[in-house]
Amino acid sequence: MGETILEHQCEVLKSIAKIGSSLRLHMDTHSLTKRVVDSACTLLHLRRTILSLSDDNGYFRIQAIGGELQVQEEAYLRQRPIPDNVIKQLLQPEYCLGNSYFLPAQASVWQDPSLASFFISTEHRPAPIFSERETQVQTYNFGNHAATIDRIDIPQVRKIATASCYNPIDMFLVPLVSGNDAMLGFLSAATPLDDFYSTVETATLLELFANQVAVVIEGIQLYEEAKCTGEERSALIEIGRVLSAPYTQRDLPSVYRTMYQQVKRVMPTDSFWVQRYERTTNRWYMDYMIDEEIEYPCGEEVPFFPELKRLLLDETTGRMFSTNKDYVIYKERHAKDIDDTINGRPSESLLFVPIYYGDEPLGIISAQSYSTYVYSQRHFEMLQEIGRQAALAMTNAQLNGELRAALEEAQQANARLEAMANCDPLTALPNHRALLNCLIQELERAMHTGYSLSVAFFDGDHFKRVNDTYGHLVGDQVLRELGSRVSAVLRTTDTLGRYGGEEFLVILPETDPMQAYAIAERLCKAVSLSPLAMGYVEQGIAVTISVGVASFPLHGQSHEEIVELADQAMYWAKRLGRNQVRTAEEALRFRNDNSLAGTITHLKRQAE
């Protein structure tokens with residue numbers, strides 16, 4: 001199941017990356033938004049996804065609809081633009097989930113028919129009957145989190161012949177926020193398909209879809225509003241495209257490098273850097289710095305200079321300095337004796353623009369030149385626009401990074417679980433399941449190549465006496481050392497595992513019966529060479545093993561036949577005196593030799 005989830009999440013990321021690569025400010029916005037909602041429905045298993053955009057007149061109007069929706073329902077919803085105040089009622093802290101909002105079917109807002117009518121079409125059917133007052137408790141699981149909505153009071157509903165009823169729905173609502181904190185619209189996703197549940201991952205992936213839409217919507221607005229030269233206009237379009245391209249979402253350095261390459265297209269840029277602010281720890285990092293085309297190693301924490309702190313947290317629109325003298329005067333108002341030059345060479349013209357995602361400060365972007373008076377107000381405004389787009393790109397990169405880290409962690413956890421499922425906890429050798437899988441694979445390879453394949457089946461002689469005499473703790477140690485001693489004399493191509501109890505199985509690829517017999521005798525000698533469990537019993541415990549050997553294709557054609565014959569051979573090795581090796585051929589001969597069986601039985605009776 002874990003692999004299925006990982007594959008699904010990877011598929012979603014690929015789809016988002018493809019959508020991002022299609023973002024062009026000159027492309028058909030309707031086609032793009034339709035593609036987004038359809039992809040969100042398909043990949044996140046949602047019944048319905050709707051994208052609504054602000055008309056700048058106090059209403060949000062539907063731009064695209066994806067999923068299960070009848071023609072009449074779609075017409076009904078499109079005819080009802082949603083007022084701003086309705087959306088404000090939904091964006092309440094109690095429903096907040098990261099940068100999204102989750103409104104379960106039991107949420108109190110759905111009890112208001114006038115509000116519900118903007119999201120749910122009516123159905124004419126008998127209304128349900130409830131008691132005078134009914135209280136429900138519903139728990140929604142979001143990954144490792146749980147949000148419990150309790151005491152949802154359902155008003156009394158009287159039975160009538162027919163009524164217009166609004167069926168409550170679970171709904172995600174993801175705001176589309178521009179870089180200057182303006183709400184461009186929202187993405188609403190209603191009710192997962194059967195057998196699927198809402199999760200935190202659903203909200204995170206919806207945010208990625210919403211961010212892609214926000215990038216293109218804001219890019220279009222930027223294009224329409226900008227009054228700049230042809231080169232500047234072209235650069236802004238390219239910035240919007242490149243910052244939303246898949247490769248810029250891999251990590252933050254890719255985003256920063258792209259920002260620099262596009263900034264230097266539209267303004268003189270001798271030096272450029274991005275400093276990132278972590279609000280939770282109040283720390284400041286130099287994430288990217290390039291000076292005269294030399295890129296410097298970054299990522300380290302740097303001092304949070306008072307003037308930069310003021311620029312980020314207080315003067316949130318940024319600053320432009322035409323000379324170094326102007327900048328020094330500004331600095332000295334807040335801190336003295338601070339040298340923040342690059343290689344001891346002061347910049348003469350400086351632009352500083354804070355990067356914000358909504359109300360969240362992300363850092364500062366700075367373009368600088370070693371010449372005076374090179375920046376105009378238009379350059380400053382251009383860098384501000386780039387900073388807004390960069391905020392979306394940086395947030396996307398961060399979300400992608402976090403999601404990739406979660407996927408890698410899940411893959412590592414799956415690998416650990418797989419290893420545990422195939423490993424015997426006592427001896428750390430492959431267990432019964434792993435041995436059979438390995439044997440089946442080696443048998444298929446032997447059939448394909450024409451080589452022989454042999455197995456050696458053995459267990460400790462009189463092992464029950466060890467447990468009865470010294471206890472299971474010592475018995476466990478004997479098994480561990482037995483496995484280690486046998487492993488030490490095997491080839492690197494051989495596989496030793498614990499078959500069960502005190503029984504072990506050795507898989508010997510490309511080994512004929514004579515070679516297998518020689519290896520098995522070597523195992524017997526290695527085990528009996530010296531006592532085991534010396535650290536537990538004063539003089540140790542002398543242990544021997546009995547080994548049975550069988551080979552493909554001589555003794556059997558299936559892995560079941562080979563193991564069964566090796567087990568029988570081991571049985572006869574024990575009956576004939578233990579501490580020896582017997583083959584499958586001998587086992588078959590002994591089993592059919594009645595006189596030999598009678599002699600063995602007579603000897604046993606005498607011994608008793």
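In this text, all values refer to a predicted model and were calculated from it rather than measured experimentally.
- Counting heavy atoms from C-beta on, the side chains of Y101 and P175 come closer than 4.5 Å.
- Under a cut-off of 6.0 angstrom, the local environment of CG in D359 is sparse, with at most 12 non-hydrogen atoms contributed by other residues, nucleotides or ligands.
- N422 pairs by the side-chain hydrogen bond (donor to acceptor under 3.5 Å, both in side chains) definition with E418, R433, not counting sequence neighbours.
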### Query
How far apart are the C-alpha atoms of M259 and V274, what are their side-chain angles, what is the distance that settles it, and do they pass the side-chain contact (heavy atoms from CB on, under 4.5 Å) test?
CA-CA 9 Å; M259 288 166 57; V274 179; 4.1 Å; yes
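- Atoms CD and CG, on E409 and L407 in that order, are 10.0 Å from each other to the nearest 0.5 Å.
- Considering only heavy atoms from C-beta on, T49 stays 4.5 Å or farther from V36 through its side chain.
- Here the closest non-hydrogen pair linking H559 and L443 is N-CD2, 3.4 Å.
- Judged by distance alone, with hydrogens and angles left aside, the side-chain atoms of Y256 form no donor-acceptor pair with the main-chain N or O of W273 at under 3.5 Å.
- No donor-acceptor pair closer than 3.5 Å links the side chain of T42 to the backbone N or O of S39.
- Closest approach of M267 to L351, counting heavy atoms only: SD-CD1, 3.8 Å.
- One distance of note links CD of E442 with CG of L435; it measures 11.5 Å at 0.5 Å rounding.
- In this structure, the side chains of R78 and I65 come closer than 4.5 Å at one or more pairs of heavy atoms.
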### Query
So Q72 and Y76, side-chain contact (heavy atoms from CB on, under 4.5 Å) or not? Walk me through it.
CA-CA 6 Å; Q72 298 89 338; Y76 167 84; over 6 Å; no
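- Judged by distance alone, the side chains of E293 and Y260 do bring a donor and an acceptor atom under 3.5 Å apart.
- Side-chain contact between Y277 and P354 is absent, with no heavy-atom pair separated by less than 4.5 Å.
- Judged purely by distance below 3.5 Å, without hydrogens or angles, the side chains of E295 and Y288 pair a donor atom with an acceptor atom.
- Looking at D38 and K34, a side-chain N of the basic residue comes within less than 4.0 Å of a carboxylate O on the acidic one, giving a salt bridge.
- Atom CE of M320 and atom OH of Y375 lie 11.0 Å apart (nearest 0.5 Å).
- Nearest heavy-atom pair across N99 and E207 is N-OE2, 3.3 Å.
- Distance OG/S188 to CD1/I87: 8.0 Å, rounded to 0.5 Å.
- Side-chain contact check for V263 versus L383: some heavy-atom pair is nearer than 4.5 Å.
- The side-chain contact (heavy atoms from CB on, under 4.5 Å) check on Q412 picks up R416, with sequence neighbours excluded.
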### side-chain contact (heavy atoms from CB on, under 4.5 Å) evaluation trace for E381 with E385
CA-CA 6 Å; E381 292 172 358; E385 296 292 355; 5.6 Å; no
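- The ring of F172 has its center closer than 6.0 angstrom to the ring center of F102.
- In this structure, H432 NE2 and D424 CG are separated by 12.5 Å, a value rounded to the nearest 0.5 Å.
- Residue E300 qualifies as open at atom CD: its count of foreign heavy atoms under 6.0 Å is 12 or below.
- When all heavy atoms of N431 and A421 are compared, the closest pair comes out as ND2-O, 2.8 Å.
- Judged by the 6.0 Å and 45° rule, R319 forms no cation-pi pair with F352.
- In this structure, the side chains of V174 and N211 stay at 4.5 Å or more apart for every pair of heavy atoms.
- For the pair W110/P104, no side-chain contact is recorded, criterion being any heavy-atom separation below 4.5 Å from C-beta on.
- Side-chain contact between L91 and M183: present, with at least one pair of heavy atoms (C-beta onward) separated by less than 4.5 Å.
- For the residue pair Y59 and D84, the shortest heavy atom distance occurs at N-OD1, 3.8 Å.
- Counting only distance, with no hydrogens or angles, the side chain of Q92 and the backbone of K88 share a donor-acceptor pair below 3.5 Å.
- Atoms CG and CD, from L439 and E444 in turn, are 10.0 Å apart once rounded to the nearest 0.5 Å.
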### Worked verdict on L173 versus Y95 for side-chain contact (heavy atoms from CB on, under 4.5 Å)
CA-CA 10 Å; L173 194 149; Y95 305 126; over 6 Å; no
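- Across C298 and M286, no two heavy atoms sit closer than the pair CB-O, 3.0 Å.
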